[in-house]
Amino acid sequence: DLAHNRTLVSRPSAPRMVLCCLVLLFLARPAPGAEGSSIAQQVVGTWDVQSVTITSADGSVVDPFGSKPSGIIMLDTNGRYANVFGRADRPKIDAANRLAITPGQLGAAAKEFTANFGTWSVAATEMTITLRFVGSLDPNNEGTQATYALALSGNGMTFSITLPGQRLEVVKYRRAN
């Protein structure tokens with residue numbers, strides 16, 4: 001019967017349905033670092049550093065990069081990041097070019113500057129972000145990772161971590177325009 005044959009032809013086969021579902025699942029998967037969370041999607045982008053503070057166990061607060069640090073963190077959808085910031089008012093070095101800078105001058109300048117890159121991921125349920133250091137101005141960081149408490153509010157993002165000696169480091173960012 002012709003009507004019965006048309007019905008059989010128009011029904012998708014089970015293997016074809018499974019294949020379509022698998023393709024849709026593959027296409028809808030989150031980017032690495034996203035762990036399926038909208039939190040990860042919210043942190044993707046470029047952020048300007050607003051402040052960096054370290055609070056000691058005794059309550060004293062230090063701004064290691066000055067009261068108005070300059071820098072950015074860029075977090076991409078593929079789970080890679082680059083983070084560069086430092087003291088905006090660092091003194092200039094009296095040298096014709098970077099090869100003429102003395103080790104002492106370079107060391108002093110590096111203490112007021114940080115740079116690292118690597119991979120990142122978010123644990124949405126814990127509200128944390130983990131940075132895995134592939135390269136860093138401080139070579140002791142390379143091959144390590146740091147997990148920060150993560151807070152998002154409007155155009156702001158905050159990373160917080162307890163450092164050795166019960167010191168709390170807080171880095172505040174604002175989404176770049």
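The basis for the numbers below is simple: all heavy atoms, side chains too, and nothing from hydrogens, waters or symmetry mates.
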Open item on the list: Do T114 and V52 make a side-chain contact, defined as non-hydrogen atoms from C-beta onward lying under 4.5 Å apart?
Closed with: no

Open item on the list: Starting from V122, can I reach L152 by hopping between I/L/V/M/F/W/Y residues whose side chains sit under 4.5 Å apart?
Closed with: yes

Open item on the list: What's the separation between atom CZ in R98 and atom CD1 in I93, rounded to the nearest 0.5 Å?
Closed with: 12.0 Å

Task: Inter-residue atom distance L75.CG - S121.OG, 0.5 Å rounding - done: 11.0 Å

Task: Under 3.5 Å: donor-acceptor pair, side chain of S153, backbone of G156 - done: no

TODO: With side-chain contact (heavy atoms from CB on, under 4.5 Å) as the test, would you mind laying out the steps for F85 and D48 before giving the verdict?
DONE: CA-CA 9 Å; F85 60 87; D48 293 320; over 6 Å; no

Open item on the list: Please say yes or no: joined through hydrophobic side-chain contacts below 4.5 Å, possibly via intermediate residues, are L168 and L163 part of one cluster?
Closed with: no

Open item on the list: Rounded at 0.5 Å granularity, tell me how far CZ in R90 sits from NZ in K111.
Closed with: 13.5 Å

- [ ] Can you measure from OG1 (T46) to CZ (R174) and round to the nearest 0.5 angstrom?
- [x] 15.0 Å

- [ ] Return the minimal non-hydrogen interatomic distance between V134 and E142, and the atom names on each side.
- [x] O-CG, 3.6 Å

Open item on the list: Using 0.5 Å steps for rounding, measure from the CZ atom of F65 to the CZ atom of R87.
Closed with: 9.5 Å

TODO: Answer yes or no: are there more than 12 heavy-atom neighbours, outside N177 itself, under 6.0 Å from its atom CG?
DONE: no

Open item on the list: Hydrophobic clustering (ILVMFWY, side-chain heavy atoms < 4.5 Å, transitive) - are V170 and V43 grouped together?
Closed with: no

Task: Minimal non-hydrogen separation, P69 against S51, with atom names - done: CG-CA, 3.9 Å

Task: Nearest heavy-atom neighbours spanning E112 and P91 - done: OE1-CD, 4.0 Å

- [ ] Please assess S60 against D58 for the test side chain to side chain donor-acceptor pair (under 3.5 Å), listing each intermediate value before the final yes or no.
- [x] CA-CA 6 Å; S60 60; D58 66 6; 2.7 Å; yes

Open item on the list: If we ignore hydrogens and angles and just use 3.5 Å, is the side chain of D76 paired with the main-chain N or O of N78 as donor and acceptor?
Closed with: yes

TODO: Output every pair passing ring-ring contact (aromatic ring centres under 6.0 Å, His included) with a member in residues 153-177, not counting sequence neighbours, ordered by first then second residue.
DONE: Y148-F159, F159-Y173

Open item on the list: What's the separation between atom OG1 in T53 and atom CD in E169, rounded to the nearest 0.5 Å?
Closed with: 8.0 Å

- [ ] Would you mind reporting whether I73 and M157 have side-chain heavy atoms less than 4.5 Å apart?
- [x] yes

Task: Check: R175 main-chain N/O paired with W47 side-chain donor or acceptor under 3.5 Å - done: no

Open item on the list: According to a hydrophobic-cluster definition based on side-chain heavy atoms being under 4.5 Å apart (Ile, Leu, Val, Met, Phe, Trp, Tyr only), do I72 and V44 belong together?
Closed with: no

TODO: Considering non-hydrogen atoms only, spot the tightest contact between N141 and F133 and give its length.
DONE: O-CB, 3.2 Å

Task: F113-M74 co-clustered via ILVMFWY side chain contacts under 4.5 Å - done: no

Task: Over all atoms of both residues, closest heavy-atom pair of A57 and G165 - done: CB-O, 4.3 Å

Task: Side-chain heavy-atom pair L150, T128 within 4.5 angstrom cut-off - done: no

